[in-house]
Amino acid sequence: MGTEMVTVYVDGQPVCVGELESAASAALGAGLDYTRTSPVTGERRAPYCMMGVCFECLMTIDGVPSRQACMVRVRPGMRIERQLGARVLA
Amino acid sequence: MNTACDFLVIGAGPAGMAAAATAARLGVTTLLIDDQPEPGGQIYRAAERRSENASGVSGADWLRGAALAAEFRASGAGYLPGNRVWQLEKGGRVCVTDGAKASRINARRVLLATGAMERPVPLPGWTLPGVMTVGAAQIRYKISKWTPQEGAWIAGSGPLLWLYAAQALEAGGTIAGILDTTPGANYLYALKHVAGALRNLHYIQRGLELQQRIRAAGIPVFRSVSAIEAKGDHRITAVRYLIRGQWHEKPAAMLLLHHGVVPNTHAAMSISAAHRYDDLQRCFAPVVDVWGNTSVKDYAVAGDCAGIVGAEASAIQGRLAALEASRLLGAISELQRDEQATPLRRSLLEHLPARPFLDRLFTPGETLLLPDDDVLVCRCESVTARQIRDAVALGCSGPSQTKVFTRCGMGLCQGRMCGLAVAEIVARARGASVCEIGVFNVRPPLMPLSMGELASLPVDDCFY
C-alpha cells in the first residue's frame with residue numbers, strides 16, 4: 001500500500017503499525033486478546049464491528065477513557081490502553 | 001464555529017461521494033461530512049491508497065472507489081473528514097463534533113448517505129473475544145492487510161461472506177471452514193425472482209466465481225447450518241453448529257460472523273422520517289420517492305441507508321439525489337434534472353433487477369432471528385432474550401417499553417446492535433408482525449458526546 005509505519009504503545013508496549021490502522025486494529029495486531037471488560041458483568045470483550053456501530057472497542061486512548069478505538073486512527077506515540085469496567089469520571 | 005452550505009452530504013461512501021461531486025459540479029455550495037479520515041466509506045475504505053495496485057478478486061472495486069474519490073476531490077465540494085453527526089434538526093441544522101469541539105452546520109438541504117451495517121444476529125457466545133463480524137475482519141484487511149490464520153471459521157450467509165473469504169485466501173489467510181446458514185428452502189423461494197437475476201447475470205456469475213475459488217482452495221463448506229454457538233471461557237476455543245438436527249463441534253481460535261447487511265437507519269429515524277419494513281431484507285428502510293426524498297422536509301437519503309442496493313447502485317442514487325437537490329436549490333431546472341437523470345435511471349437497471357433474487361436467497365432463517373432464552377441480546381447492558389420475553393409477558397407492547405423495563409438498548413450503542421433482534425423477539429412473543437411492533441425510538445445525541453464538547457457550541461447557538 002506504500003504506507004508509513006508509526007510506533008504506538010499498547011498497554012505500555014511499543015508496537016509498530018501501519019499509518020492507516022485504527023487504535024483497535026493496532027491493539028488486536030499487538031495480540032491484546034481483549035480490549036475491555038463489560039461494566040455490567042465484568043466479562044471480557046473485544047472489538048466486534050470495527051466501524052463505529054457496536055461500542056465494544058471502548059479503550060483509554062492518550063488518557064481519555066471510553067474512546068471508540070476503531071474510530072481513532074493511530075498517531076506516533078499514541079497510548080492505547082485496555083479499559084476495565086466503567087470509565088472513571090474525572 | 002458555525003458553517004453554512006446549500007447542500008450538506010453526510011457520509012463519504014459511494015452514494016455520498018457521488019452526490020457531493022455531482023452537486024458541486026452543478027455549482028451548488030456543497031459540503032461532505034464524514035466520520036473517517038479519508039473518503040470511501042466502508043466498502044471503498046482506503047481505496048485511494050490501493051488504486052495503483054488494483055488487481056485480484058477486488059481489483060475492479062478498488063478502481064471504482066478510487067475513481068469516485070478522485071471525482072469528489074476534484075469537484076470543488078467542501079470536505080469535513082473526522083467529524084461525526086450527533087443531532088439533526090428541522091430546517092437542515094446539523095450538529096457535529098470533531099471529538100474535541102462541537103459545531104453546527106446550517107444547510108438548506110441535507111442528504112443522509114450513512115450506508116449499511118451488518119445485521120447483528122445474537123447467538124450463544126457472540127460476545128466472546130475472538131468472535132467478530134466478517135465486515136470487521138475485512139476492515140482489518142483494508143487498513144492493515146491482516147488475514148485470519150489457523151483455526152478461523154466463517155459462519156453466516158450473504159455475498160460479503162464469500163467475497164471476504166476469497167479476499168482472505170488470496171491475501172495469504174487461512175480458513176478452517178465455512179458454515180453456510182442459508183436455509184435450503186431459500187433457493188426455491190428465490191426462483192420466483194429469477195427473471196430479475198437473469199437480467200443482471202454479472203452478480204450471479206460473480207457469486208459462483210467466488211464460491212469456485214473457495215472450493216478450489218480446498219476450504220470445507222458446510223451447508224444447511226441452522227444454528228451456531230461460540231464456546232469458551234474468556235475467549236472462543238470451539239465452534240458448535242447444527243446441521244439437520246445434529247450438533248457438531250470443532251476447535252476454533254476465531255469466528256467471523258456475517259448475516260447480511262441492513263440499512264444504517266439511525267440518522268433517518270432520529271428525525272422521525274417515515275420508515276417501512278422490508279419483508280425480503282427483514283429490516284426497516286426509510287420511505288422515499290424516486291429522488292430519495294424522505295417524509296421530512298429538507299432531508300433526503302441515498303445508497304444503502306435507504307435500502308440495500310450495493311455500491312454501484314448507491315453511487316447512482318447519490319447522483320439522482322444531488323440532481324434533485326440542485327433543482328430545489330435553483331441551480332438547475334426541472335427539465336435539466338430530468339434530462340440528466342435519464343441515463344442514470346437506465347444504468348440503475350444494471351443493478352436493481354437482481355436485488356429481489358439476492359434478498360430472498362439470503363433472507364436469514366427463522367431460528368437465527370429468534371435467539372434462545374439464554375442468549376445475550378443487548379451487548380452493552382447484557383440483557384438476555386429471556387429478560388425481553390419476560391418484559392413482554394409483563395405487558396410491554398413494543399421495543400421502547402421493553403427498553404424501559406430491561407435497559408435493553410439503553411447502552412452506548414443506543415440499540416444499534418440489538419434493535420432488530422428485539423423487534424423480532426417482541427413481535428413473535430406478541431403474535432404481531434415486526435412492522436406493527438416497530439423499533440426503538442432514536443433520540444439525539446446520535447453518539448456519546450462529552451459535556452465539554454456540548455459546552456463548546458457557540459453560546460448564541462443555544463438561543464436561536
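What you see is a predicted model; the values in this text were computed from it and never measured. Lettering of chains follows the sequences in order, A, B, ..., and the numbering in each one begins at 1.
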When you compare the side chain of A:Val53 with that of B:His266, does any pair of heavy atoms fall below 4.5 Å? no

side-chain contact (heavy atoms from CB on, under 4.5 Å) between B:Glu38 and A:Leu20, worked out: CA-CA 10 Å; B:Glu38 291 174 16; A:Leu20 296 183; 3.7 Å; yes

Please flag which part of B:Gln138 lies under 4.5 Å from any non-hydrogen atom of chain A: side chain, backbone, both or neither. neither

Contact list (residues 65-75 of chain A to chain B, heavy-atom gap under 4.5 Å, by number) returns A:Gln68, A:Met71, A:Arg73

Pairs involving residues 37-70 of chain A, ordered by first then second residue, that meet ring pair (Phe, Tyr, Trp, His ring centres under 6.0 Å) (sequence neighbours left out): A:Tyr48-B:Trp126

From CE (A:Met51) to CD1 (B:Ile139), nearest 0.5 Å: 6.0 Å

Do you know the tightest heavy-atom contact between B:Met132 and A:Pro47? CE-O, 3.4 Å

Quick one: pull up CD in A:Glu19 and CZ in B:Arg49 and give me the separation to the nearest 0.5 Å. 5.0 Å

Quick one: which residues of residues 409-421 of chain B reach chain A at under 4.5 angstrom, heavy atoms only? B:Leu412, B:Cys413, B:Arg416, B:Met417

At a heavy-atom separation under 4.5 Å, does B:Leu376 approach chain A through its side chain, its backbone, both, or neither? side chain

Side chain / backbone / both / neither for B:Arg45 at chain A, heavy atoms under 4.5 Å: side chain

Mind checking whether A:Thr41 and B:Ser382 have side chains closer than 4.5 Å, heavy atoms only? yes

Between chain A and each of B:Arg407, B:Gln36, B:Arg84, count heavy-atom pairs under 4.5 Å; write down the option with the most. B:Arg84

Report, by ascending residue number, the residues of residues 56-64 of chain A in heavy-atom contact with chain B at a distance under 4.5 Å; give 'none' if the set is empty. A:Glu56, A:Leu58

Distance col, row A:Ser25:OG vs B:Lys145:NZ, nearest 0.5 angstrom, shows 14.5 Å

Heavy-atom proximity to chain A below 4.5 Å, by part of B:Val134: neither

One pair to check against side-chain contact (heavy atoms from CB on, under 4.5 Å): A:Val17 and B:Ser144. What are the steps and the verdict? CA-CA 8 Å; A:Val17 298; B:Ser144 74; over 6 Å; no

Name the region of B:Arg379, side chain, backbone, both or neither, that has any atom closer than 4.5 Å to a heavy atom of chain A. both

Let me know if A:Thr35 has heavy atoms under 4.5 Å from chain B in its side chain, its backbone, both or neither. neither

Counting only heavy atoms closer than 4.5 Å, note whether B:Gln42 contacts chain A via side chain, backbone, both or neither. side chain

How long is the straight-line distance from OG of A:Ser38 back to CD of B:Glu381, given to the nearest 0.5 Å? 8.0 Å

A:Met50 vs B:Arg140 side-chain heavy atoms within contact, under 4.5 Å: yes

